[in-house]
Amino acid sequence: MTGIELYDTLTGEVRPLATREPGKVALYACGPTVYDHPHLGHARSALTYDVLRRYLEWRGLDVRHVANITDIDDNIINRARDEGRTESEVAVEWEDVYIDAMARLDVLDPHDRPRATEWVAEMVDFVTRIMAAGAAYTTGTGVYLRVGSVPRYGDLVHRGLDDLRASAGARVEVDEDKEDPLDFALWKAAKPDEPSWPSPWGPGRPGWHIECVAMSLGILGDDFDIHGGGNDLVFPHHTNERAEALAVGRSFARHWVHNAMLNIEGTKMSKSLGNYRTVVEMLDEHPLNGRAFRLLVLQTHYRKTMEVNPELMASARTAVQRLDALARRAKAAGADHDQGTGRRDEAAAGAFRTAMDNDIGTPEAVAVIFDTLHRANAALDGSAEDAPTLVATVVELAGALGVAVDAAEHGAGDGDAVIVGLVSKRQAAREAKDWSAADGLRDELAAMGVVVEDTPAGPIWRRA
RNA sequence: GCGCCGGUGCCCGAGCGGACCAAGGGAACGGCCUGCAAAGCCGUAAAGCCGCGGGUUCAAAUCCCGCCCGGCGCUCCA
């Protein structure tokens, strides 16, 4: 028992996270198929599991975080064909873009980042076992899972087989060779000009969902703790992953976690609506956007659709600056020296923990952080004894959610000497009570994008 | 149509039966601080009968029923 409660999609309720091994958490989060720019939805999803992982670690649990990269599928093949390149070239390019974008969002690298193409042998082996179990059959186009043979197939989506059948084929035409419209390909027979791997059923490539089963069970083992992903993956992706594992009698995820989608300007983000936003684009717009977007994600519960628009990004940036401002003035006041020594405000840490233990209540946790920030500022105003502890608590709790607090006055470094010179020149003018000279210098700095703040301990500055 | 998740102040967004909490962030306004600012502090608002209509209860934003609206899913999408 971890004391942490998490919503489980399978049972449809918040329930205690009871891990397979005490003190350890095996987490598998579905990663992207790499053939295009990662968008804000990918970022929200990655952030959700990064925060979950960081919090579990903050609680002292030993987490093994696996996030896959799907580097072979129809989209990649189509893109490669369109661009006259190999599938591998396309996949490598977009995987690099993805990983770089995640790093800029301060998403920790997962402990394992398996690629589908590196696990084909395991997938073939898995399909072989499903065949042996009598839960699959071959047709001219590949190997199919017999969905009807899997007990409680629709449990994850909370729908019965007949109900699912009734809407099957609503969007995609049904393959007549299949025994049941719900059956899906475990292995696809090779078509001309497509990459393929040898198999007992002839050359082909992995079918649907099989890569995640092979990799999650292969790396984390049976009965691993948490399987996560966007809630659009509940069906068919996760439902079918689960079916594949169940077909060979293996116990799959103990807990299913799904994050909600994201809207832009009130409507869903989609390419056709023209409101499709990429992570790189968002990050390039403002140096604070990485942290601001994370804060925005944290301010909405992970199971609720979140809103993103320029105004909200701006307000999140302002909030991030308040965090930095606290650190800066604490540093100027010499009140930050005990950071990392373990001293913290236990009332705040306790409230934070209570919020997070309750199904990862990040909005409330963020509220605790800002309440503490408020107390820290007040303590700093009155030079109260506990100011350093409160400041350290803010930094620690924000850090537990992956929000870095930056006390540095210096930006990139370029031009710092000039800025420092102007700041001290202005201070000299102020001491001489030459206000017009001082204000002129402040305007000059402002034109350079630098804001000066006068504190009892002397002037400090930051980039706007 | 079916399943899941939602509809709370100017915007975003907590709360899930009862306590001076209807949190927290942003925006606005007044005051303090400041040479003036910035940062910070204090306070305020006709700001919301918590989507609409019923019901359960001593007590509901919180539970139940119906309706309206939004999002996602219903074969490869976070």
Side-chain angles (χ1 to χ4, degrees), chain A residues 9 12 14 29-33 38-49 70 73-75 154 157-160 163-175 181-185 207-209 228-237 239-240 258-263 266-270 295-296 298-301 303-309 311-312 314-322 325-326 328-329 332 355 361-371 373-374 376-378 380-382 430 433-435 438-439 442 446 451-455 459-462 464:
Chain A
T9 308
V14 175
C30 276
T33 298
H39 58 243
L40 296 186
H42 291 109
R44 182 187 192 186
S45 189
L47 249 11
T48 298
Y49 301 102
T70 296
D73 93 317
D74 289 355
N75 289 312
V157 259
H158 301 285
R159 298 184 69 182
D163 188 18
L164 285 165
R165 282 197 189 102
S167 56
R171 278 175 34 177
V172 169
E173 56 186 281
V174 175
D175 177 348
L182 289 179
D183 292 349
F184 60 92
W208 300 335
H209 327 301
N231 72 189
D232 56 342
L233 297 183
V234 173
F235 187 88
H237 188 55
T239 293
N240 286 343
H258 292 97
N259 60 279
M261 304 289 101
L262 160 164
N263 286 171
T267 49
K268 69 166 182 172
M269 178 173 71
S270 78
L295 189 62
L296 206 53
L298 291 168
Q299 285 180 314
T300 303
H301 186 84
R303 283 194 286 123
K304 286 179 93 172
T305 303
M306 69 176 274
E307 166 71 14
V308 180
N309 63 48
E311 294 70 38
L312 287 171
S315 62
R317 263 182 252 128
T318 302
V320 166
Q321 285 179 321
R322 284 189 66 198
L326 172 72
R328 247 183 288 109
R329 68 186 295 232
T362 56
E364 252 190 283
V366 169
V368 170
I369 291 171
F370 278 91
D371 274 337
L373 172 137
H374 191 255
N377 270 317
L380 246 19
D381 277 352
R430 291 185 69 230
K433 297 202 189 302
D434 182 353
W435 308 127
D439 290 350
R442 185 165 63 199
V451 177
V452 194
E453 298 173 4
D454 297 320
T455 79
I460 57 182
W461 62 273
R462 66 183 161 90

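Below, all heavy atoms of this structure are taken into account, side chains as well, without hydrogens, waters or symmetry copies. Convention: sequence-line order gives letters A, B, ...; per-chain numbering from 1. All figures in this text were calculated on a predicted structure; none of them were measured in a lab.
- For B:A78 and B:C67, the P atoms lie 35 Å apart once the distance is rounded to whole Å.
- Backbone-only engagement by A:Asp371 is indicated by non-hydrogen atom pairs under 4.0 Å involving sugar-phosphate atoms exclusively.
- Taking atom CH2 of A:Trp208 as the reference point, atom C1' of B:C74 lies 14 Å away to the nearest angstrom.
- In this structure, A:Leu164 places its CG atom 12 Å from P of B:C4, rounding to the nearest Å.
- What you find for A:His158 and A:Thr9 is that their closest heavy atoms are NE2-O, 2.8 Å.
- With hydrogens and angles left out, the side chain of A:Arg442 and the base of B:A37 share a donor-acceptor pair within 3.5 Å.
- Note on A:Gly230: only backbone sugar-phosphate atoms sit closer than 4.0 angstrom, heavy atoms only; bases stay farther off.
- Phosphate proximity of B:C12 to A:Lys304: absent, as no side-chain N or O sits under 4.0 Å from OP1 or OP2.
- At a cut-off of 3.5 angstrom, counting only N and O atoms as typed in the model, there is a donor on one side and an acceptor on the other between the side-chain of A:His39 and the base of B:A78.
- The shortest distance between the side-chain N/O atoms of A:Arg322 and the OP1/OP2 oxygens of B:G25 is below 4.0 Å.
- Taking only distance into account, the side chain of A:Asn263 never meets the base of B:G70 through a donor-acceptor pair shorter than 3.5 Å.
- No contact: A:Arg44 has no heavy atom under 4.0 Å from any strand.
- B:G24 has no stacking from A:Phe370 on its base ring, since the centres under 5.5 angstrom apart and planes within 30 degrees of parallel are not both found.
- Tested against A:Thr48, the residues A:Asn259, A:Thr362, A:Leu298 include a single side-chain contact (heavy atoms from CB on, under 4.5 Å) partner, A:Asn259.
- Residue A:Asn377 places no side-chain atom within donor-acceptor reach of the base of B:C41, judged by atom type and a 3.5 Å distance cut-off alone.
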### Query
Taking it one step at a time, do A:Thr300 and A:Arg44 satisfy side chain to side chain contact (heavy atoms under 4.5 Å, CB included)?
CA-CA 11 Å; A:Thr300 303; A:Arg44 182 187 192 186; 4.0 Å; yes

### Task
Evaluate the side chain to side chain donor-acceptor pair (under 3.5 Å) criterion for residues A:Asn377 and A:Arg329: first the C-alpha distance (whole Å), next the side-chain angles of each, then the deciding distance (0.1 Å), finally the verdict.
CA-CA 9 Å; A:Asn377 270 317; A:Arg329 68 186 295 232; 2.6 Å; yes

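- Judged by distance alone with a 3.5 Å cut-off, no donor-acceptor contact links the side chain of A:Arg303 to the base of B:G6.
- For the P atoms, the distance linking B:C10 with B:A28 amounts to 16 Å, nearest Å.
- Backbone-only contact: A:Glu307 has heavy atoms under 4.0 Å from sugar-phosphate atoms and none from a base.
- Across the strands present, B:G6 finds its partner in B:C69; the criterion is a Watson-Crick or G-U wobble pair with both atom distances under 3.5 angstrom.
- Counting any heavy atom pair closer than 4.0 Å across all strands shown, A:Leu262 reaches a base atom.
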